[in-house]
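What follows is one structure encoded as structure tokens, with my remarks underneath.
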Protein chains: 2
Amino acid sequence: MNAIRTARQRARDELTREIKAEARRQVVAEGPQRLSLRSISRELGMASSAIYRYFPSRDHLLTALIIDAYDSLGAAVEDVESHVPREYIRARWQALCTGVRTWARQRSQEYALIYGSPVPGYRAPEETIAPASRVAMALGRLLADGWAAGELRPVQAPPLRPGLAEQAEHVATVIAPGVPREVLAQALIAWTQLFGMVNFELFGHLVGSADPADEFFDHAVDCMADLMGLPAE
Amino acid sequence: MNAIRTARQRARDELTREIKAEARRQVVAEGPQRLSLRSISRELGMASSAIYRYFPSRDHLLTALIIDAYDSLGAAVEDVESHVPREYIRARWQALCTGVRTWARQRSQEYALIYGSPVPGYRAPEETIAPASRVAMALGRLLADGWAAGELRPVQAPPLRPGLAEQAEHVATVIAPGVPREVLAQALIAWTQLFGMVNFELFGHLVGSADPADEFFDHAVDCMADLMGLPAE
DNA sequence: TCCTCTTTGTGAGCACTGCTCTTGACTTGA
DNA sequence: TCAAGTCAAGAGCAGTGCTCACAAAGAGGA
């Protein structure tokens with residue numbers, strides 16, 4: 001709106017940032033459930049009630065952190081993928097996957113915040129869905145590029161059930177226009193596979209089987225690439 | 001040990017059960033984080049401090065619930081799978097998957113308890129790992145049966161990296177003796193895929209794409225069956 | 001039976017939490 | 001300059017997990 005914000009506005013923005021920064025520090029250090037508004041206020045040297053001028057409740061503050069986490073993950077994935085030449089579709093997929101995994105391992109508490117079990121009674125608000133879809137968008141672009149270049153092999157899979165065909169068609173229009181629904185159905189599988197593996201690795205469900213998970217992860221990523229019909233190269 | 005337990009022992013067992021039952025009711029109704037020892041004691045008409053004679057901490061009570069949840073899921077899956085004739089390998093896989101999904105949808109809070117993000121600083125204790133592996137065991141039996149019957153098709157996948165080959169070999173000896181490691185590597189993928197989908201469905205990450213997820217789920221289950229080389233039938 | 005020893009329940013209390021509300025001080029724009 | 005709007009502070013409410021000293025009650029040996 002106005003480039004010249006008032007002093008009050010600037011102070012408000014700064015304090016909002018500081019509160020979020022301290023909150024993130026606590027989440028990273030001790031997990032989302034230990035996040036305490038009172039200890040934030042103590043750390044910032046203000047009264048606990050003052051926090052409520054900036055975030056109406058603990059959940060609102062958590063939501064802000066969630067949005068930031070989605071954005072951070074999206075940016076990280078976009079960044080790592082952008083370093084791969086555009087025409088290497090399979091390499092871009094691999095970069096996307098390792099990007100997600102690396103980010104998740106480095107910032108596991110924030111990952112748990114967005115992909116772990118939601119806080120009870122917590123319903124993801126409207127403003128989270130855009131940042132939440134950045135990773136999916138990256139996958140969509142990659143598929144669209146591969147399709148446009150005529151490099152995707154036909155998928156080997158059972159025919160789509162009608163409802164799924166419709167959903168896949170809708171996803172295609174939003175995320176990868178022109179790409180056939182069969183490809184997007186397989187991409188949905190690959191997508192849930194990716195986060196399923198990262199979840200299991202981070203939450204300890206691979207202990208005793210595929211732990212450490214590096215090679216298993218790479219292997220699965222390859223299999224998913226084949227499932228989507230990505231070119232070998 | 002002794003069939004004739006003392007009155008004290010019987011009272012103790014009963015109260016332990018009642019505490020767990022009330023705790024489970026609260027978890028089902030409001031989620032794990034709202035579980036409150038004080039409100040349990042209030043509901044049971046006892047002093048809050050008395051609970052600590054039965055569970056040394058809130059986390060210990062949660063662990064007991066987690067074990068019960070694993071056992072309940074394992075039993076449900078075993079039950080639904082046992083109703084399929086032993087020789088229908090693919091149908092057993094499908095039954096296993098829908099068994100997991102159905103249980104998860106019916107008891108979502110308990111599912112979140114075991115497959116959501118772990119409570120902060122919470123480390124899964126030793127006694128959870130046996131009940132936690134019941135679903136994996138069922139998958140192993142199914143593969144072993146299929147292999148013994150000579151019905152598994154050779155898997156179409158990249159060769160295993162050495163570390164993964166070793167891990168798959170180890171999983172095979174524990175869960176599906178005799179079955180080649182290549183099959184178990186694909187089974188690991190199918191396994192993470194299964195829980196990845198259920199996670200995403202329950203935690204709202206499929207909203208806007210594959211929601212409702214029934215057909216997508218069935219499709220993915222089929223694809224995973226193919227990935228493992230299960231017979232068509 | 002009596003008399004210890006152990007187990008169990010109680011209630012007060014500590015240190016903490018999210019959140020509300022009143023009160024008084026400050027900034028801002030007309 | 002001055003009313004309107006904004007903000008921080010502090011007290012307070014209702015709740016939490018957990019500890020501890022103490023008093024009943026049961027268990028088992030002499």
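Letters A, B, ... are given to chains in the order of the sequence lines, protein chains preceding strands, and every chain is numbered from 1.
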Using a strict cut-off of less than 4.0 Å between a Lys/Arg side-chain nitrogen and an Asp/Glu carboxylate oxygen, indicate whether A/Asp214 and B/Arg161 qualify as a salt bridge.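 Looking at B/Arg161 together with A/Asp214, the answer is no, because their closest N to O distance does not fall below 4.0 Å.
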### Task
Taking only Lys NZ, Arg NE, NH1 and NH2, and the carboxylate oxygens of Asp or Glu, determine whether A/Glu166 and A/Arg181 approach each other closer than 4.0 Å.
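Answer for the salt bridge query: no.
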Mind calculating the distance between [atom1] ([X]) and [atom2] ([N]) to the nearest angstrom?
X: A/Ile51; N: D/dG10; atom1: CD1; atom2: P; result: 14 Å
X: A/Glu30; N: C/dC16; atom1: CD; atom2: P; result: 13 Å
X: A/Arg34; N: C/dC16; atom1: CZ; atom2: C1'; result: 12 Å
X: A/Leu37; N: C/dC19; atom1: CG; atom2: P; result: 6 Å
X: A/Gln26; N: C/dC16; atom1: CD; atom2: P; result: 14 Å
X: A/Arg42; N: D/dG10; atom1: CZ; atom2: P; result: 14 Å
X: A/Met46; N: D/dT6; atom1: CE; atom2: C1'; result: 13 Å
X: B/Ile40; N: D/dG17; atom1: CD1; atom2: C1'; result: 12 Å

Worksheet item: Do the ring planes of B/Phe195 and B/Tyr111 sit parallel (below 30°), tilted (30 to 60°) or perpendicular (above 60°)?
Response: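 Rings of B/Phe195 and B/Tyr111: parallel, under 30°.
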- What is the ring orientation for B/Trp191 with A/Phe200, classed by angle as parallel under 30°, tilted 30 to 60°, or perpendicular over 60°? perpendicular
(message) Please compare B/Ser39 and A/Tyr54 by the position of their nearest nucleotide in DNA chain D and report the one closer to 5'.
(response)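 The answer here is A/Tyr54.
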**Message:** Keeping B/Arg38 on the side-chain end and B/Ala47 on the backbone end, is there a donor-acceptor pair under 3.5 Å?
**Reply:**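 No; zero donor-acceptor contacts below 3.5 Å.
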Along DNA chain C (nearest heavy atom to each residue), the more 5'-positioned of B/Ser48 and A/Ser57: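 Comparing both residues, the 5'-ward one is B/Ser48.
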Under a 3.5 Å cutoff, is there a donor and acceptor pairing between the side chains of B/His60 and B/Thr63?
no
Of the candidates C/dT8, C/dG18, D/dT16, the side chain of A/Arg58 sits closest to C/dG18
Of the candidates C/dC19, C/dT10, D/dC18, the side chain of B/Ala47 sits closest to C/dT10
Checking all strands, does [X] fall into the base, sugar-phosphate, or nothing category for heavy-atom contacts under 4.0 angstrom?
X: B/Ser49; result: base
X: A/Leu35; result: sugar-phosphate
X: B/Arg10; result: nothing
X: B/Leu15; result: sugar-phosphate
X: B/Phe55; result: nothing

Counting only side-chain N and O atoms of A/Tyr52, is one of them less than 4.0 Å from OP1 or OP2 of C/dC21? no
Applying side chain to side chain donor-acceptor pair (under 3.5 Å) to A/Gln186 and not counting sequence neighbours gives B/His219
Roughly what angle, to 10°, lies between the helix axis at the start of the helix from C/dT1-D/dA30 to C/dA30-D/dT1 and the one at its end, five pairs per end?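 Its terminal axes enclose an angle near 0°.
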Rounded to the nearest 0.5 Å, what's the gap from NE2 on B/His205 to CG on B/Asp211? Could you check?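 Between B/His205 NE2 and B/Asp211 CG, I get 12.5 Å after rounding to 0.5 Å.
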CG (A/Leu206) and CG (A/Asn199) are apart, to the nearest 0.5 Å, by 10.0 Å
Each nucleotide of nucleotides 23-30 of chain D classed B (base within 4.0 Å of a protein heavy atom), S (only sugar-phosphate) or -, in 5' to 3' order, makes --BBS---
**Message:** Would B/Arg12 and B/Tyr54 count as a cation-pi pair here, with the cationic atom under 6.0 angstrom from the ring centre and within 45° of the axis?
**Reply:** yes
> For the base of D/dG15, is there a side-chain donor-acceptor partner from B/Arg38 under 3.5 Å away?
Replying inline: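 When only heavy-atom distances are counted, B/Arg38 does not reach the base of D/dG15 through any donor-acceptor pair under 3.5 Å.
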